[in-house]
Amino acid sequence: MESRLRMGRDHMIVTIDGPAGAGKSTVARMLAQQLGFLFLDTGAMYRCVVYLAMKQGIAWDDLDALGELARALPLKFEQDRVMLDREDVTDEIRSAEVTAAIFHAADNLQVRAALVSLQRELAQDIDVVTEGRDQGTVAFPHAKCKIYLSASPRQRAQRRLDQLKLTVPDLTLDQVMQQQALRDEQDMAREVGGLQAAEDALFLVTDGLTAREVVAEIERLVILRKTESDDDQEIPPGES
């Protein structure tokens, strides 16, 4: 049964960070639907920058042009669809070409600054579930509920392999684990927006858990943090 968490006057931001393959996107999307929150797909934002750069022929080493592209990004989320200036690019931004070039946007400091600003703008005055690598540390350091989602390297690689087996049938688990280890190293070494858990994040290891079980546990943590937040608020004179 679908639940809708009542946030009252203060909106709530739930951040879900963690390494690639931890199941962040799937879980965040399901959790947002369960709670009735907006799902902020930050990965799609970086993919949109890459997609537009390819479409417009912008060179990857033109850092200023990429930054300007991000600052003027005509992005809208309409339910589960990603729209760029009324064009549905949900499928296009998931192409292998965009995926292979995503680091050009992720490593560009101007792009990161622009997209963090956009994320904060989209999350104003509404309840949001957002996922990525830096949501609880950079984008929303004051979020009331921060989750750091992880899993063993083999579990993460197996999930990724399951996603890719139809399009890359010859890919092996060992190959995925090698690619994953390299990406983890790159993600943690990034100067800005690098992978790290917020000091006040709640850790959740997803090995052996289904997506629905993970969502149920995070929902419990969200309610717990919401209750703690309400208890910490002082009641103004004359109210009870």
salt_bridge(Asp88, Arg81) N-O dist < 4.0 Å: yes

Asp41/Arg47 ion pair, N-O < 4.0 Å: no

What are the two closest heavy atoms between [X] and [Y], and how far apart are they?
X: Arg120; Y: Pro141; result: NH2-CD, 4.4 Å
X: Val89; Y: Cys48; result: CG2-SG, 4.2 Å
X: Thr15; Y: Ala143; result: CG2-CB, 3.8 Å
X: Ala22; Y: Ser150; result: CB-CA, 4.0 Å

Are the side chains of [Y] and [X] in contact, using a 4.5 Å heavy-atom criterion?
X: Ile147; Y: Gln135; value: no
X: Lys146; Y: Leu202; value: no
X: Val14; Y: Leu221; value: no
X: Met83; Y: Phe77; value: no

Geometric class of the Phe203/Tyr148 ring pair [parallel <30°, tilted 30-60°, perpendicular >60°]: tilted

Side chain to side chain donor-acceptor pair (under 3.5 Å) between Gln110 and Arg71, worked out: CA-CA 8 Å; Gln110 293 188 49; Arg71 286 188 287 273; 3.2 Å; yes

Can you tell me how far apart [atom1] ([X]) and [atom2] ([Y]) are? Round to the nearest 0.5 Å.
X: Arg156; Y: Thr206; atom1: CZ; atom2: OG1; answer: 9.5 Å
X: Ile93; Y: Met54; atom1: CD1; atom2: CE; answer: 12.0 Å
X: Leu69; Y: Lys55; atom1: CG; atom2: NZ; answer: 11.5 Å
X: Leu52; Y: Leu84; atom1: CG; atom2: CG; answer: 5.0 Å
X: Leu182; Y: Asp184; atom1: CG; atom2: CG; answer: 9.0 Å
X: Gln119; Y: Ile13; atom1: CD; atom2: CD1; answer: 10.5 Å

Worked verdict on Tyr51 versus Gln56 for side chain to side chain donor-acceptor pair (under 3.5 Å): CA-CA 9 Å; Tyr51 171 77; Gln56 297 178 16; over 6 Å; no

Worked check of side chain to side chain donor-acceptor pair (under 3.5 Å) between Gln158 and Asp162: CA-CA 6 Å; Gln158 185 62 59; Asp162 291 342; 3.0 Å; yes

Worked verdict on Glu131 versus Ser25 for side chain to side chain donor-acceptor pair (under 3.5 Å): CA-CA 7 Å; Glu131 62 87 14; Ser25 295; 2.9 Å; yes

